[in-house]
Amino acid sequence: MEKRFESNVDALVGPTHNYVGMGLGNKASNRNRGRISNPRAAALQGLEKMRRLHELGIRQIVMPPAPRPDLGFLRGMGFTGNDARVIEMAAKTNPDLLAIAYSASSMWAANAATICPSVDATDGHVHFTPANLSSQPHRGLETAFTARCLRAIFPSGQCFVHQDPLPSFLGDEGAANHTRFSGSDLDCGVHLFVHGGRQSRQASEAVARLHGIPQSAIVFAAQSPEAV
């Protein structure tokens with residue numbers, strides 16, 4: 001019998017984790033804006049949760065935090081000089097751009113990508129599509145790093161296939177809008193893709209096609225306006 005296994009994937013909180021309130025429409029983000037953050041405590045809490053899952057016998061994968069501040073982004077916005085000068089000028093002239101460069105929200109692993117297990121894909125491979133997170137500027141910066149991490153952890157070859165992120169005009173928020181139902185790890189599952197708000201139906205349909213999920217195993221559902 002072919003051996004299969006499941007893993008839980010978590011991402012660590014980065015050292016620049018903060019409460020700047022950039023989550024437009026997010027009540028919790030706005031409510032906590034300006035509060036003092038404790039990235040070290042948050043990272044330790046995350047590690048404790050991962051350790052507990054490992055003790056329960058669940059295979060645990062850890063994704064590192066994205067490098068921050070994103071100096072490449074700031075230089076692309078026209079700030080020049082050495083690293084310290086770039087940060088100084090951004091802080092003086094456009095603190096909103098600096099906040100985007102310091103954003104450390106990549107610990108939300110459910111937003112990292114959509115993954116299809118090999119048992120469900122028509123080609124028998126595990127498929128990954130990094131979320132483009134195009135609805136929020138600070139989240140969109142995470143996509144390239146997430147894609148590199150996934151390719152490093154799950155090397156392309158006989159088992160894993162990595163898709164490119166979808167174009168930015170198709171909002172894709174990753175597995176936060178995707179759920180798989182199955183009876184056991186050897187059964188083909190049913191994939192529920194929810195669209196609305198930041199997730200477009202076109203993005204969900206594209207991911208399903210790229211992953212080779214049979215039409216009979218797919219459900220597309222619109223999120224209620226109240227939930228959005």
Side-chain angles (χ1 to χ4, degrees), residues 9-50 63-74 76-79 86-114 130-146 165-179 192-204 221-228:
V9 180
D10 278 300
L12 275 177
V13 171
T16 61
H17 172 63
N18 59 81
Y19 298 107
V20 184
M22 291 186 294
L24 299 178
N26 186 317
K27 293 182 179 179
S29 175
N30 296 327
R31 184 171 59 249
N32 290 289
R33 179 171 184 153
R35 290 184 58 192
I36 297 175
S37 64
N38 191 331
R40 184 175 185 274
L44 290 174
Q45 289 172 0
L47 288 170
E48 181 59 32
K49 178 249 186 180
M50 297 176 208
M63 293 181 63
R68 292 293 181 266
D70 191 330
L71 295 170
F73 164 72
L74 292 176
M77 293 292 102
F79 298 105
V86 167
I87 294 172
E88 178 186 6
M89 292 306 299
K92 287 182 178 179
T93 63
N94 200 321
D96 289 339
L97 287 180
L98 186 66
I100 290 173
Y102 269 94
S103 172
S105 54
S106 53
M107 71 280 195
W108 303 113
N111 288 121
T114 304
N132 61 29
L133 302 172
S134 59
S135 66
Q136 304 275 345
H138 65 293
R139 301 302 305 279
L141 294 182
E142 302 166 13
T143 303
F145 179 76
T146 297
L166 298 179
S168 59
F169 63 85
L170 296 177
D172 180 22
E173 295 285 310
N177 299 277
H178 169 254
T179 302
L192 172 64
F193 290 90
V194 179
H195 57 273
R198 300 174 183 174
Q199 180 76 22
S200 69
R201 172 161 180 153
Q202 293 92 334
S204 297
Q223 195 172 12
S224 70
E226 291 81 7
V228 173

Check: Tell me, which pairs form a salt bridge (charged side-chain N to carboxylate O under 4.0 Å, His left out) where one or both residues lie in residues 86-95, sequence neighbours left out?
Finding: Arg85-Glu88, Glu88-Lys92
Checklist line | Nearest heavy-atom neighbours spanning Pro65 and Ser106 | finding: CA-OG, 4.3 Å
Check: Hey, are the side chains of Pro69 and Ile87 touching, using non-hydrogen atoms and a 4.5 Å cut-off?
Finding: yes
Check: Is there a side-chain contact between Arg68 and Leu141 (heavy atoms, below 4.5 Å)?
Finding: yes
Item checked: Partner set under side-chain hydrogen bond (donor to acceptor under 3.5 Å, both in side chains) for His138, not counting sequence neighbours -> none
Note to self: Does Met107 form a side-chain contact (heavy atoms from CB on, under 4.5 Å) with Leu12? I'd like the steps, not just the answer.
What the structure shows: CA-CA 5 Å; Met107 71 280 195; Leu12 275 177; over 6 Å; no
Item checked: Rounded distance [0.5 Å steps], OG1 in Thr179 versus CZ in Phe193 -> 9.5 Å
Next item on the list: Check side-chain hydrogen bond (donor to acceptor under 3.5 Å, both in side chains) between Lys27 and all other residues, then give those that pass, not counting sequence neighbours.
Entry: none
Check: If you look at every heavy atom in Ser134 and Gly171, which pair is closest and at what distance?
Finding: OG-CA, 3.6 Å
Check: Taking only residues two or more places apart in sequence, or in another chain, which ones meet Ala176 in a side-chain contact (heavy atoms from CB on, under 4.5 Å)?
Finding: Ala110, Asn111
Margin query: Please enumerate all residues that pass side-chain contact (heavy atoms from CB on, under 4.5 Å) together with Ala90, with sequence neighbours excluded.
Written below: Leu74, Phe79, Leu98
Notebook entry, point to check: With sequence neighbours excluded, what pairs up with Asp10 under the salt bridge (Lys or Arg N to Asp or Glu O under 4.0 Å) test?
Noted result: Lys49
Notebook entry, point to check: What is the distance from atom OG1 of Thr114 to atom CD of Glu173, rounded to the nearest 0.5 Å?
Noted result: 10.0 Å
Next item on the list: Only counting residues at least two apart or in another chain, list the ones meeting side-chain hydrogen bond (donor to acceptor under 3.5 Å, both in side chains) with Arg33.
Entry: none
Next item on the list: Considering non-hydrogen atoms only, spot the tightest contact between Ala131 and Gly174 and give its length.
Entry: CB-N, 3.4 Å
Hey, can you pull the donor-acceptor pairs under 3.5 Å for the side chains in residues 221-228, sequence neighbours left out?
| from | atom 1 | to | atom 2 | distance (Å) |
| --- | --- | --- | --- | --- |
| Ser224 | OG | Ala227 | N | 3.1 |

Check: Between OG1 of Thr143 and CG of Asp172, what distance do you get to the nearest 0.5 Å?
Finding: 9.0 Å
Next item on the list: Take His178 and Gln199 through the side-chain contact (heavy atoms from CB on, under 4.5 Å) test and state the conclusion after the steps.
Entry: CA-CA 10 Å; His178 169 254; Gln199 180 76 22; over 6 Å; no
Note to self: Would the distance check show the side chain of Ser200 and the main-chain N or O of Leu170 forming a donor-acceptor pair, the cut-off being under 3.5 Å?
What the structure shows: no
Next item on the list: Quick one: list whatever passes salt bridge (Lys or Arg N to Asp or Glu O under 4.0 Å) with Arg40, sequence neighbours left out.
Entry: none
Check: What pairs with Pro64 under side-chain contact (heavy atoms from CB on, under 4.5 Å), at least two apart in sequence or on another chain?
Finding: Phe145, Cys149
Notebook entry, point to check: Which pair of non-hydrogen atoms, one from Pro130 and one from Ala113, has the smallest distance, and what is that distance?
Noted result: CA-CB, 3.8 Å
Checklist line | Partner residues of Glu142 under the side-chain hydrogen bond (donor to acceptor under 3.5 Å, both in side chains) criterion, sequence neighbours left out | finding: Ser105, Arg139
Checklist line | Donor-acceptor contact present, side-chain Asn132 to main-chain Pro167, <3.5 Å | finding: yes
Margin query: Please check this pair: side chain of Asn32 against backbone of Arg35, looking for a donor-acceptor N/O pair closer than 3.5 Å.
Written below: no
Scan the side chains in residues 17-24 for donor-acceptor partners under 3.5 Å anywhere in the protein, sequence neighbours excluded, and list what turns up.
| from | atom 1 | to | atom 2 | distance (Å) |
| --- | --- | --- | --- | --- |
| Asn18 | OD1 | Val20 | N | 3.4 |
| Asn18 | ND2 | Thr16 | O | 2.6 |

